[in-house]
*Asks:* 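Can you keep this structure in mind? I'll have questions shortly.
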Amino acid sequence: MLRHILALSVVLGFGLGAAQGELEIFSWWAGDEGPALEALIELYEADHPDTEVINATVTGGSGVNARAVLKTRMLGGDPPDSFQVHAGEELIGTWVAADRMEDLTPIFEREGFMEAFPDDLIELISTDEGIWSVPVNIHRSNVLWFDPDRLDEWGVSVPNGWGEFIDETCPALQDQGVTPLVVGENWTVQHLWESVALAELGNDDYSALFEGDLPWTDLRVVAAWETFGDVMACTNDDAAGLSWQQATDRIVAGDAAFNVMGDWAAGYKVTTLGLEPGTDFGWAASPGTDGTFMLLSDSFGLPVGAPNRAEAIQWLELVGSKEGQDAFNPLKGSISPRVDSDLSLYNAYLRSAAEDFASDAKVGSLVHGTAAKEAFMSEFATVMEIFLSTGSADAAANAAQAVATQVGLGE
Ligand code: GAL
């Protein structure tokens with residue numbers, strides 16, 4: 001009997017074209033963050049119809065929840081086949097330092113990625129021992145978003161710096177009952193902070209903070225926290241309960257005038273909400289940061305012990321390919337780092353981002369893994385809590401310095 005059942009299942013399995021392999025992709029691109037990844041997975045499935053793709057997502061903007069789950073799985077000997085990780089310190093200072101990743105240099109050489117990606121991006125994902133992930137995009141962190149028609153109605157324009165925003169734009173909007181600047185849960189407030197800090201400190205001092213070359217208690221940094229406090233006084237008071245999408249929705253609804261968010265907000269507005277860049281929404285470099293592109297890059301790596309290594313390698317080849325990137329990025333609200341990317345497939349916002357990326361000075365995002373060790377990046381949420389509950393720039397500066405010392409920031 002058992003023999004018959006086995007024989008039958010073999011026949012059925014064969015006859016139904018059962019999947020022969022599996023591939024588990026782990027990321028935080030769930031729900032309305034999902035379409036770009038799904039497009040990439042569809043391409044994979046078209047090329048590898050016998051492989052069943054498991055799209056494992058843990059919801060939560062900027063990966064706050066996904067990273068915790070990933071850590072448990074990695075440390076528990078249960079790695080996914082490939083996972084989303086930010087290029088830079090989040091990759092190098094964590095998984096590479098712990099010897100948990102495979103060197104992808106052979107893939108880079110075989111697939112022509114060495115020539116396709118800019119050298120400084122390859123540097124961000126490399127150590128002397130190897131190349132550790134395949135970048136799928138470039139996102140910009142320091143973007144100010146608004147609705148141009150509503151700004152006209154309210155009689156305000158894009159502020160030139162935070163001083164102008166605090167002194168003029170904010171009161172003009174508050175007088176009309178409009179939230180000048182909308183923020184959401186903790187990480188989105190940190191996201192705003194990195195743009196304010198960049199504007200107030202300038203590129204060199206901002207970067208020096210993460211290299212351990214500028215103390216967090218320096219008076220210039222304390223002054224940046226003071227400015228940040230004045231900016232926060234222009235924000236909504238129900239921030240903690242809002243996702244980044246809900247914060248964006250407030251601008252679309254006309255309840256708030258501005259927000260500072262990465263350009264996944266453009267992906268959300270275009271792909272999910274069906275809005276038109278330039279007319280339905282406008283953008284500018286966040287105040288005081290014109291000419292600087294604060295970047296981050298989502299990438300995928302190959303963990304040591306990936307159960308389906310061969311499939312994961314095929315996935316990484318697709319992730320880095322021109323075809324894969326030009327399918328993914330127009331939906332995601334990011335640009336492709338590939339030098340041969342076909343810009344005719346990208347909307348007006350993304351073409352302008354590509355232009356800025358080509359000409360601007362570059363700095364790395366703290367909140368999205370580029371600039372600082374993950375231990376610092378995750379503890380920065382506590383620093384922010386301290387600031388939000390005390391309103392004290394000194395307390396925040398001291399707390400940040402304590403974390404920097406504890407994790408050996410810049411070492
Ligand atoms: C970033 C990530 C983006 C986007 C965003 C919001 O960290 O790099 O791709 O997903 O979080 O969740």
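Whatever order the structure lists them in is the order used to number ligands and atoms, beginning at 1.
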*Asks:* Kindly tell me which protein residues have any non-hydrogen atom under 4.0 angstrom away from an atom of ligand 1, grouped by chain and ordered by number?
*Replies:*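 Shell around ligand 1 (4.0 Å, heavy atoms): W28, W29, E33, G61, S62, H86, H139, W244, W264, L296, D298, K332, H368.
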
*Asks:* Please output the side-chain donor-acceptor pairs of residues 30-42 that fall under 3.5 Å, not counting sequence neighbours, one pair per line with the distance.
*Replies:*
from: D32; atom 1: OD1; to: Q245; atom 2: NE2; distance (Å): 2.8

*Asks:* Side-chain donor-acceptor pair under 3.5 Å between Q84 and D298, yes or no?
*Replies:*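 Distance-only check passes for Q84 and D298.
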
*Asks:* Is the shortest side-chain N to carboxylate O distance from E317 to R110 below 4.0 Å?
*Replies:*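 Salt bridge between E317 and R110, a charged N being under 4.0 Å from a carboxylate O: yes.
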
*Asks:* What pairs meet the ring pair (Phe, Tyr, Trp, His ring centres under 6.0 Å) rule with one or both residues in residues 36-80, with sequence neighbours excluded?
*Replies:* Y44-H48

*Asks:* Please collect all side chain to side chain donor-acceptor pair (under 3.5 Å) contacts where either partner lies in residues 261-278, sequence neighbours excluded, each pair once.
*Replies:* H139-D263, D249-Y268, D263-Y349

*Asks:* Verify whether one side chain among E194 and S141 offers a donor that lies under 3.5 Å from an acceptor in the other.
*Replies:* yes

